[in-house]
Amino acid sequence: MKVIGIGDLLIPSQYIEKGFSIFRDSGAELSVVDWQLKNQEELQNINLQIEQYGSEAYSVQDELLEQIKYADILITQFCPINKKVMDACANLKAIGILRGGCENVNLEAAYEKNILVYNTPGRNSSAVADFTVGMLIAECRNIARSHANLKEDKWVREYTNKEYIPDLEGRTAGIIGLGTIGRKVAKRLQAFGMKILGYDPFSTELPEYIKTDSLENTVRNADFLLLHSRMTADTKHMINAEILKLMKPAAYLINTARSGLVDEKALYEVLDKRKIAGAALDVFDEEPLPCGYALAALPNVTITPHLAGSTTDAFLHSPYLLAQEMAPFLSGDATSKYIINK
Ligand SMILES: NC(=O)c1ccc[n+]([C@@H]2O[C@H](COP(=O)([O-])OP(=O)(O)OC[C@H]3O[C@@H](n4cnc5c(N)ncnc54)[C@H](O)[C@@H]3O)[C@@H](O)[C@H]2O)c1
Ligand SMILES: O=C(O)[C@H](O)COP(=O)(O)O
């Protein structure tokens, strides 16, 4: 078996190479190449746009196709594995994706060609869950804006949310999407003494401290509304102007999932008019943020540049987790794994 890892700017080839130690025992022939991107901006735009337009919109350079054409197994995080790539790799039997989502794989094409697709759910779920809690506290306790003010020699102790600064204990977290990350966030917030209410039409076997309700009731009751759903055609703008109207004036919205889950213009309106207390956002309709982005200028928003999943631990663990997932395939007793995005 020839296994080829394709590194990118987020998981460079040296991390993939370390993760290959598990594959090594199977006697596979291992190599790694890099998907050469012009710059970080290109990667981030591709990450977002893949989910919007489908991976066939992107071409992989001919030089890369030449390097990977004999692969039996391809491993990558963000490199588009579209029909063109599958056509170029005549022996391809399996694709391993170092992500929870497989939006950069043309799953239909893989299915037609009988190529198995493996993903790595939860590879950075602890990273995102930790970060989400940090964002929540940073926003409602004015940590980031106080920091920015002090750096400019400004001693400011009062902000627009001065009537809405909550203790977390006893408050309600409304979690939309109770997958790997949503559940880890729930566990962390429960430890703060918060009540956990959630909405996820597909979730099963939840811990007893997570109560579920409709989307509307979850939003109505939340002191903190946290978005952790996957981005699909069905979830696009699920948090629209009508839903935002249901939020309490003292509530905060935290989004470390995907910006498309929220109608960003409607969110701007409710924040600008102080219909909700504030928001903390790691993801945006346009990434990297262009200069003068309206949301960024609001005084009741904490923002970060799509950083939630980026810990060294997550990058290091990803290839190991995927290799474990694919071990049965390498030892010849694969159960078919065709991933269909919800
Ligand atoms: N900011 C970052 O750096 C970063 C890093 C990793 C993941 N993410 C994003 O975080 C989100 C969660 O990731 P995950 O690994 O927990 O995914 P996951 O697939 O484990 O969980 C997603 C959950 O969304 C649920 N869902 C689907 N449709 C829904 C709907 N209509 N309403 C409510 N819930 C619905 C699914 O049932 C699932 O339980 C994803 O959007 C992912 O892209 C962001
Ligand atoms: O950059 C991100 O948002 C994540 O690393 C991608 O997360 P996903 O693979 O779970 O969609």
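It should be emphasised that the depicted structure is a prediction, and the values quoted were computed from it without experimental measurement. Atoms within each ligand, like the ligands themselves, are counted from 1 in listed order. Side chains included, hydrogens not; waters and symmetry mates left out as well; all remaining heavy atoms used.
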Output yes when [X] and [Y] qualify as a salt bridge under the 4.0 Å nitrogen-oxygen rule, no when they do not.
X      : Y      : answer
Glu103 : Arg230 : yes
Lys273 : Glu269 : yes
Arg220 : Asp213 : no

Test item: Ile97 and Tyr118 side chains (from C-beta on) under 4.5 Å apart, heavy atoms
no

For a 4.5 angstrom cut-off between non-hydrogen side-chain atoms, does Val262 reach His237?
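Answer no - side chains too far apart.
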
Looking at [X], which atoms of ligand 2 are within less than 4.0 Å of one of its heavy atoms?
X      : answer
Arg258 : 2 (C), 3 (O), 6 (C), 7 (O), 11 (O)
Gly101 : 8 (P), 9 (O), 10 (O), 11 (O)
Asn124 : 5 (O)

On a heavy-atom basis, I'd like to know which of Glu287, Arg99, Gln77 is closest to atom 11 (O) of ligand 2.
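Among Glu287, Arg99, Gln77, the closest heavy atom to atom 11 (O) of ligand 2 belongs to Arg99.
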
I'd like to check the side-chain hydrogen bond (donor to acceptor under 3.5 Å, both in side chains) partners of Arg171; sequence neighbours left out, ordered by chain and number.
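Applying side-chain hydrogen bond (donor to acceptor under 3.5 Å, both in side chains) to Arg171 gives none.
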
With sequence neighbours left out, what residues match Glu152 under side-chain hydrogen bond (donor to acceptor under 3.5 Å, both in side chains)?
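For Glu152 the side-chain hydrogen bond (donor to acceptor under 3.5 Å, both in side chains) partners, ignoring immediate neighbours, are Lys154.
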
Return yes when [X] approaches ligand 1 closer than 4.0 angstrom through a heavy atom, no otherwise.
X      : value
Leu178 : yes
Pro201 : yes
Gly100 : no
Met238 : yes

Would Lys265 and Asp285 count as a salt bridge (charged side-chain N to carboxylate O under 4.0 Å, His left out) if you check the C-alpha gap in whole Å, the side-chain angles of each, and the deciding distance to 0.1 Å?
CA-CA 10 Å; Lys265 286 200 178 74; Asp285 283 357; over 6 Å; no

With nothing but distance in play, are any N or O atoms of Thr235 less than 3.5 Å from an N or O of ligand 1?
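Not met; the criterion fails.
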
May I ask you to check whether Gly122 has an N/O atom sitting below 3.5 Å from an N/O atom of ligand 1?
no

Checking the N or O distance criterion of under 3.5 Å, is ligand 2 in contact with Gly100?
yes

Using a 4.0 Å cutoff against the non-hydrogen atoms of Thr256, which atoms of ligand 1 qualify?
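Counting atoms of ligand 1 from 1, those under 4.0 Å from Thr256 are 1 (N), 2 (C), 4 (C), 44 (C).
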
